[in-house]
Each structure stands twice: as C-alpha cells, then as structure tokens.
Amino acid sequence: MLSARNITVRYGANTVLSDADFDLKRGEIVGLTGESGSGKTTLARVLTGLTTPQNGTVTIAGQHLKSAPRGHTALIFQSPRNATNPRHTLARVISEPARLRGTSSPDDTTRLAEAVGLTQDLLERRPHEVSDGQLQRACVARAFAQQPQFVVCDEATAMLDAATTAAIVRALVHHGTTHNVGVLLISHDNALLRACTSRIETLAVVD
Ligand SMILES: Nc1ncnc2c1ncn2[C@@H]1O[C@H](COP(=O)(O)OP(=O)(O)OP(=O)(O)O)[C@@H](O)[C@H]1O
C-alpha cells in the first residue's frame with residue numbers, strides 16, 4: 001500500500017494541500033480529479049518523493065518513502081518530450097531502468113514495447129522522429145521497466161487523441177492488474193476515469 005497521511009504543502013503563503021490523506025493499494029486502478037490548481041500534480045510529486053511536504057508522511061508497505069528502495073513508484077508526466085533525452089533512441093529510453101540495474105536485454109525491450117503497442121521499427125528512432133503518442137508510449141514502457149509497485153500518471157494522456165489515450169490507458173490497466181501494480185490516473189476526463197478506475201478521488205482547492 002502507498003499511503004499519504006496528513007499531507008500539507010505550502011508554496012510561500014499559498015497552502016495547496018492541507019492535511020490530505022491518500023491511499024493506493026497494489027493492483028488497484030484509482031482516479032484523481034479536481035479543478036485546476038487543487039494540487040493534483042503536487043500530490044503526485046509528494047507520492048513519488050519529488051516534493052517533500054511541510055507536514056505529513058508517505059509510506060510504502062509501512063516503510064517511510066525516504067527509506068524505501070528507490071524506484072518503487074514511477075511517475076509519468078503530461079509531456080513526454082520533457083521527460084526523455086532527445087539523443088536516445090526509443091529502445092534506449094525504454095531500457096534505461098534495466099540498464100541502470102545491469103539487466104537490460106533486447107528481448108525485454110521488445111516485450112515492453114509490445115505491451116504499449118510500439119512496433120519494432122520505431123525503437124531505433126529518436127524522440128524528434130516519432131509522434132507525441134508514440135513517445136508517451138515509450139515513457140509508459142520505461143515506467144514498466146522500472147518494475148515499480150505503483151505508477152502515477154499525471155495527465156499522461158491529456159495531449160493525445162482518443163484512440164491513443166484508450167490504448168495507453170488499456171496498457172496501464174492491464175499492467176496494473178497482471179503485475180499487481182497500483183495505478184493512479186490523474187485526469188480532468190471524468191468519463192475516462194469512470195470507465196477504467198475502481199474509485200475516483202476529488203481534490204478541492206484549499207480555502
Ligand atoms: N513550485 C511551485 N511554486 C509555487 N507555486 C506552485 C508550485 N507548483 C505548484 N504551485 C501552485 O500550487 C497550486 C497547485 O498546483 P498543482 O499543479 O499541484 O495543481 P493541479 O491540480 O495539478 O492543477 P492543473 O489541473 O492545472 O494541472 C497552483 O496554484 C500552482 O500555481
């Protein structure tokens with residue numbers, strides 16, 4: 001279980017999260033929505049350890065996030081162009097977590113690419129040679145390669161068309177349910193969240 005308790009985040013005088021709680025179980029697909037500025041991205045960053053809250057704790061299986069092994073949570077951003085090295089091929093993008101572990105293999109890279117609907121011919125291309133949707137698929141495959149217990153998707157399909165969105169969400173849901181990975185989908189698209197999540201949490205702007 002990924003648990004956030006009593007999370008408070010302030011940017012200067014602006015309190016964005018106030019005493020917020022959030023839970024995500026392994027294998028569970030959960031939606032997070034809320035109006036712009038309500039703190040969804042801030043919560044995603046807190047859950048993945050990128051932002052340290054002024055107050056509150058995040059634990060994974062009861063262990064404080066700071067002392068849990070790195071890589072337990074993967075974060076997928078809205079813009080894949082800001083999240084990939086422009087000099088790397090898609091094969092390199094996808095295999096990077098395994099390379100860092102010293103376990104990368106071309107077969108694994110192909111299998112991960114297939115899981116997100118990327119064909120072999122795309123894997124030797126660099127980010128500027130593929131579409132946003134293809135690059136985002138590579139980022140999703142890279143998140144799977146990290147072998148995380150939890151994946152947090154921060155509006156990961158917001159800039160993509162309906163067909164690509166559906167394919168990426170299908171891949172995320174399939175991965176979550178077959179590998180016992182908790183998936184948090186942050187989105188303004190309530191119809192999408194209703195269709196593929198078991199629970200939808202809503203953040204409100206702090207008064
Ligand atoms: N690094 C930062 N420094 C100062 N203020 C910030 C910072 N990051 C976010 N904020 C502010 O915190 C509030 C919440 O931002 P956040 O991005 O978490 O909201 P959100 O719900 O994800 O919004 P959106 O739906 O528009 O993406 C906003 O008012 C934003 O301007």
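Just so you know, ligand 1 is whichever comes first in the structure, and atom 1 is the first atom listed for that ligand. Computed from a prediction, not measured in an experiment: that's the story for all the values here.
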What protein heavy atom sits nearest atom 21 (O) of ligand 1, and how far off is it? K40 NZ, 2.8 Å
Salt-bridged, E201 to R199, with N to O below 4.0 Å? yes
Atom OG1 of T109 and atom CD of Q120: how far apart are they, to the nearest 0.5 Å? 9.0 Å
For ligand 1, which is the ligand I care about here, please tell me if G37 has any N or O atom under 3.5 Å from one of the ligand's N or O atoms. yes
When you check the gap from the basic side-chain N to the acidic O, do K40 and D154 get nearer than 4.0 Å? no
Are the side chain of Q136 and the backbone N or O of F77 linked by a donor-acceptor pair below 3.5 Å? yes
Polar atom proximity, G34 to ligand 1 (N or O, under 3.5 Å): no
Between R126 and E129, does any NZ, NE, NH1 or NH2 come within less than 4.0 Å of an OD or OE carboxylate oxygen? no
Give the atom numbers and elements of ligand 1 that come within less than 4.0 Å of a heavy atom of E35. 21 (O)
Using a strict 4.0 Å cut-off to heavy atoms of N14, name the atoms of ligand 1 that fall inside it. 29 (O)
Please determine which of L184, V140, T177, T157 meets the side-chain contact (heavy atoms from CB on, under 4.5 Å) test together with L172. V140
Pull out every atom of ligand 1 sitting under 4.0 Å from any heavy atom of E155, numbered as shown with elements. 25 (O), 27 (O)
Within the protein, is there a heavy atom lying under 4.0 Å from atom 31 (O) of ligand 1? no
Determine, considering heavy atoms only, which of T42, L203, I186 sits nearest to atom 18 (O) of ligand 1. T42
Element-labelled atoms of ligand 1 that are located less than 4.0 Å from some non-hydrogen atom of H188: 25 (O)
min-distance protein heavy atom vs atom 26 (O) of ligand 1 -> S36 OG, 2.5 Å
Atom 19 (O) of ligand 1: nearest protein contact (heavy atom, Å): G39 N, 3.3 Å
Exam field: side chain Q146 to backbone T73, donor-acceptor pair closer than 3.5 Å: yes
Any carboxylate oxygen within less than 4.0 angstrom of a Lys/Arg side-chain nitrogen, looking at D189 and R194? no
What residue and heavy atom of the protein are closest to atom 9 (C) of ligand 1, and at what distance? Y11 CE1, 3.3 Å
Distance to 0.1 Å, residue and atom name: give those for the protein heavy atom nearest to atom 13 (C) of ligand 1. V16 CG2, 3.6 Å
Shortest protein heavy-atom distance from atom 22 (O) of ligand 1, along with the residue and atom involved: T41 N, 2.9 Å
Side-chain heavy atoms of V183 within contact of V173, under 4.5 Å: no
